[in-house]
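Note that the structure is a prediction, hence the values are computed from the model and not measured.
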Amino acid sequence: MKSPFFSIQKKSSEYFKDTFSDSTYHIFLFNGSGKIIVDLIEYHFTGKTVFFSSPFQNIQILSEDQIKIEVLNFHGDFYCIEYHKKEVACNGLLFNNIYLFPHFSLTDEVYQEISDYFSKIQEVDHTEDLSGSVLQSYLQLILAISSMEKNKLLPYKEIIKDDLNELRSFQDLVEEHFLLEKNVSFYADLLHITSNTLSKKIKSKFNKTPSQIIQERVILEAKKQIHLTRKSIKEIAVELNFNDEFHFSKYFKKYVGISPSQFRKETGISIVADLYK
């Protein structure tokens with residue numbers, strides 16, 4: 001019997017030509033070329049590729065040729081990446097980072113290694129007493145391997161270069177002020193450049209606009225508060241500096257596709273919420 005919180009599926013890229021979104025984390029493994037669209041942001045891929053997504057991100061995978069895609073799905077109740085982040089450096093590296101690419105190419109050897117673990121997972125008998133621990137171990141290995149591979153790429157594909165200080169400063173300023181300031185002009189003024197200049201620089205390096213980055217940062221914080229704490233939706237709205245719960249819910253639903261309360265219902269409240277009381 002398959003776990004509803006952990007599974008592997010094999011799909012054709014045709015399946016993902018329409019927008020896909022659900023309450024689980026995903027690891028996509030495929031070989032081909034095309035583009036991935038995550039919350040309206042486009043990323044191009046070619047060759048053997050691994051791609052990571054978080055709950056209720058809106059995803060499309062488009063390819064001129066039909067490619068086979070393996071998808072590992074896991075719910076936060078099965079494996080909480082926040083809880084395990086000290087063991088596997090995946091929180092913020094593989095998942096939940098608005099400044100880094102969500103996919104990367106793999107060597108033939110590493111691609112085969114991850115594919116082999118996918119196969120091993122499919123061979124596990126879910127009725128066995130220790131099957132959950134075995135599955136978590138395999139998942140942890142996949143995340144560890146992927147984290148090491150992505151870390152290797154960062155020095156060479158780091159989005160922010162040393163000679164583009166405005167971009168580093170913009171990232172730091174967003175992290176400092178996003179709760180209170182959601183207008184691009186605020187950040188442009190602090191950087192002593194025009195909003196248009198900032199937009200061009202950000203778009204060329206992040207493949208998204210400053211407004212999209214600010215919105216993503218607000219939504220990411222909202223998702224964390226909804227999933228990782230027991231705060232009420234009203235309390236979260238106040239902390240994120242919205243006028244009221246209604247305004248916050250409308251903003252959240254516009255970008256995520258579901259309401260904050262529905263997001264909490266689908267993803268649940270993480271065990272992390274009770275760890276540090």
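- In this structure, the side chain of Ser249 does not engage the main chain of Phe246 through any donor-acceptor pair within 3.5 Å.
- Remark: aromatic rings of Phe16 and Phe28 are close, center separation under 6.0 Å.
- For the 3.5 Å distance criterion, the side chains of Gln136 and Gln140 fail to qualify, holding no donor opposite an acceptor.
- Ring orientation note: the planes of Phe52 and Phe104 are close to parallel, at an angle under 30° on the 30°/60° scale.
- Ion pairing between a basic and an acidic side chain is recognised when a charged N comes within 4.0 Å of a carboxylate O; Lys17 and Glu14 show such pairing.
- Judged by the 6.0 Å and 45° rule, Lys182 forms a cation-pi pair with Phe242.
- Shown are Tyr99, Phe178, Tyr187, Phe206; of these, the ring-ring contact (aromatic ring centres under 6.0 Å, His included) with Phe170 is made only by Tyr187.
- With no hydrogens or angles considered, a side-chain donor-acceptor pair links Thr24 and Asp22 at under 3.5 Å.
- Remark: the backbone N or O of Leu93 is paired with a side-chain donor or acceptor of Lys150 at under 3.5 angstrom.
- The distance from atom CZ of Phe252 to atom CG of Leu240, rounded to the nearest 0.5 Å, is 10.0 Å.
- In terms of modelled atom types and a separation under 3.5 Å, the side chain of His103 and the main chain of His44 share a donor-acceptor contact.
- Side-chain contact of Ser211 with Thr209: a donor-acceptor pair under 3.5 Å is absent, judged by distance alone.
- Ion pairing of Glu149 with Lys152 is present here, as a side-chain N (NZ or NE/NH1/NH2) and a carboxylate O approach within less than 4.0 Å.
- Side chains of Thr127 and Asp125: a donor-acceptor N/O pair is present below 3.5 angstrom, by distance only.
- Taking 4.5 Å as the limit, some side-chain heavy atom of His247 sits within range of a side-chain heavy atom of Asp244.
- Side-chain atoms of Glu175 and Arg217, non-hydrogen and from C-beta on, do get closer than 4.5 Å to each other.
- Within a 6.0 Å sphere centred on NZ of Lys253, heavy atoms belonging to other residues, nucleotides or ligands number 12 at most.
- Here the OG atom belonging to Ser131 is positioned 12.0 Å from the CD1 atom belonging to Ile121, to the nearest 0.5 angstrom.
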Go through the steps to decide whether Asn58 and Thr19 satisfy the test side-chain hydrogen bond (donor to acceptor under 3.5 Å, both in side chains), and finish with yes or no.
CA-CA 6 Å; Asn58 297 293; Thr19 301; over 6 Å; no
Show, in sequence, the C-alpha distance, side-chain angles and deciding distance for Phe30 and Phe45, and conclude whether the ring pair (Phe, Tyr, Trp, His ring centres under 6.0 Å) test is met.
CA-CA 10 Å; Phe30 47 86; Phe45 67 87; 4.8 Å; yes
Apply side-chain hydrogen bond (donor to acceptor under 3.5 Å, both in side chains) to Gln225 and Glu221, showing your working.
CA-CA 6 Å; Gln225 292 287 335; Glu221 188 64 26; 3.2 Å; yes
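- Each of Leu72, Asn73, Leu135 was compared with Ser7 under the side-chain contact (heavy atoms from CB on, under 4.5 Å) criterion, and only Asn73 meets it.
- When the side chains of ILVMFWY residues are joined at heavy-atom separations under 4.5 Å, either directly or via intervening members, Leu106 and Leu100 end up in a single hydrophobic cluster.
- Counting non-hydrogen atoms of other residues, nucleotides and ligands closer than 6.0 Å to CG of Leu40 gives a total of 12 or fewer.
- There is a side-chain donor-acceptor pair under 3.5 Å between Asp116 and Gln112.
- Taking 4.5 Å as the limit, every side-chain heavy atom of Val38 sits out of range of all side-chain heavy atoms of Ser53.
- Taking the six-membered ring where the residue is Trp, the centroids of Phe5 and His75 are separated by under 6.0 Å.
- The ring of Phe74 has its center no closer than 6.0 angstrom to the ring center of Phe78.
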side-chain contact (heavy atoms from CB on, under 4.5 Å) between Leu143 and Ile27, worked out
CA-CA 9 Å; Leu143 295 174; Ile27 304 173; 3.9 Å; yes
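- Aromatic ring orientation, His177 versus Phe186: perpendicular (interplanar angle above 60°, classes split at 30° and 60°).
- Within 6.0 Å of NZ in Lys234 there are 12 or fewer heavy atoms belonging to other residues, nucleotides or ligands.
- In this structure, Lys223 contributes its side chain and Pro55 its backbone to a donor-acceptor pair below 3.5 Å.
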